[in-house]
Student: 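Right, I'll just put the structure down here and ask away after.
Residue numbering restarts at 1 for every chain, and letters A, B, ... go by the order of the sequence lines. This one's a predicted model, so the numbers in the text were calculated from it and none came from an experiment.
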Number of protein chains: 2
Amino acid sequence: MTDEEPQLTDVPVTAVLFALSDPTRLDMVIELRGLGETPCGTLRTDLPKATRSHHLKVLREAGLTRQRREGTAKYLRLREDELAQRFPGLLDTVLADAAAHR
Amino acid sequence: MTDEEPQLTDVPVTAVLFALSDPTRLDMVIELRGLGETPCGTLRTDLPKATRSHHLKVLREAGLTRQRREGTAKYLRLREDELAQRFPGLLDTVLADAAAHR
DNA sequence: GCCGATGTTCGAGAAAAGTCGAACTAGTTC
DNA sequence: GAACTAGTTCGACTTTTCTCGAACATCGGC
């Protein structure tokens, strides 16, 4: 219903792990971190937009990303600081490993 | 087929995250860490053993645990050192958070 | 060899997730 | 207000995961 991102404290750690446990979504997070703030449409452009939108919703609802509208586009960014605060090192460790193993 | 645990380096990070993203399995890991080395049957004893065995298999195949037979029992332990080496801080962070939010 | 104890595997049903075309919404521009 | 752009939602389908009873395997001990 609501388009709002959750408070990170309200999200179970299992939901965060689950969101990151899908290769497609992890790709998106990797790309997103490389790009900084970017429109939804720039991530995994090989996928149909319905699929992309689905995965971005999972990431958003897990508290990993924020979206902000600007014109017709929606800009995405990783909630890195908040994530680092609640899960120190987690994102860095996961992304470093994902980057190394490819 | 094989009963062997995988090399941790052969397991995709997504598989590790997936294994930890299920509340039942995360419970098992928490209990397991508290108990050190313990027989399979001591974790989540509220569940039927087929279910328990299923989740323990997921954990094993994700490289999170090792099993060793001793008499009729199989002793389980977390591969903490190996995990810490490949994913520094990850397990600590996840388990600390899970312990805090309950 | 027969039990009892501990786990695994099989198989079937239920629930959850992933995929993606098509229809829809919201904002911008002309 | 028609057309265009960027994303979301709906609906249907497929695939994966979860659950758990029942049958099976393995290891003692008697």
Student: Looking only at side-chain atoms of His55(B), point me to the closest of dC18(D), dG21(C), dG7(C).
Tutor: dC18(D)
Student: Report the distance from atom CG of Leu43(A) to atom CG of Leu32(A), rounding to the nearest 0.5 Å.
Tutor: 5.5 Å
Student: In whole angstrom, what separates Glu61(A)'s CD from dT8(D)'s P?
Tutor: 11 Å
Student: So, for Thr14(B) and Ser21(A), which heavy atoms are closest and what is the spacing to 0.1 Å?
Tutor: CB-O, 3.3 Å
Student: Could you tell me how far apart Lys49(A) (NZ) and dC10(D) (C1') are, to the nearest whole angstrom?
Tutor: 14 Å
Student: Which atom names give the shortest non-hydrogen contact between Leu64(B) and Val16(B), and what distance separates them?
Tutor: CD2-CG1, 4.2 Å
Student: Measuring from atom CG of Asp92(A) to atom CG of Asp97(A), what distance do you get when rounded to the nearest 0.5 angstrom?
Tutor: 12.5 Å
Student: From CG of Leu47(B) over to P of dG21(D), roughly how many Å is that when rounded to an integer?
Tutor: 11 Å
Student: Whole angstroms only, please: what is the NZ-C1' distance between Lys57(A) and dC20(C)?
Tutor: 15 Å
Student: Got a salt bridge between Glu37(A) and Arg68(A), using NZ or NE/NH1/NH2 to carboxylate O under 4.0 Å?
Tutor: yes
Student: Tell me whether Arg86(B) contacts the main-chain N or O of Leu8(B) through its side chain, where contact means a donor paired with an acceptor under 3.5 Å.
Tutor: yes
Student: Do Lys74(A) side-chain and dG7(D) base share a donor-acceptor contact under 3.5 Å?
Tutor: no
Student: Rounded off to whole Å, could you give me the NE2-to-P distance for the His54(A) and dT15(D) pair?
Tutor: 16 Å
Student: Please check this pair: side chain of Ser53(A) against backbone of Lys49(A), looking for a donor-acceptor N/O pair closer than 3.5 Å.
Tutor: no
Student: Expressed as a whole number of angstroms, how long is the span from Tyr75(A):OH to dA6(D):C1'?
Tutor: 11 Å
Student: According to a strict under-4.0 Å criterion, is Arg44(A) in side-chain N/O contact with OP1 or OP2 of dG18(C)?
Tutor: no
Student: Got a sec? Which of residues 17-29 of chain A come in under 4.0 Å of DNA chain C, heavy atoms?
Tutor: Phe18(A), Asp22(A), Arg25(A)
Student: Send over the distance from Arg52(A) CZ to dA6(D) P, rounded to a whole Å.
Tutor: 10 Å
Student: Considering every strand and a 4.0 Å limit on heavy-atom distances, what is the contact class for Ala50(B): base, sugar-phosphate, or nothing?
Tutor: base
Student: Give me the distances for all protein-to-nucleotides 25-30 of chain D N/O pairs that come in under 3.5 Å?
Tutor:
none

Student: Counting heavy atoms from C-beta on, name the nucleotide in dG7(C), dT9(D), dT8(D) closest to the side chain of Ser53(B).
Tutor: dG7(C)
Student: First locate atom CD of Glu5(A), then atom CD of Glu61(A), and finally report the distance between them rounded to the nearest 0.5 Å.
Tutor: 10.0 Å
Student: Nearest whole Å is fine: how far is dA6(D) C1' from Leu76(A) CG?
Tutor: 12 Å
Student: Under the side chain to side chain donor-acceptor pair (under 3.5 Å) test, which residues partner Arg52(A), sequence neighbours left out?
Tutor: none
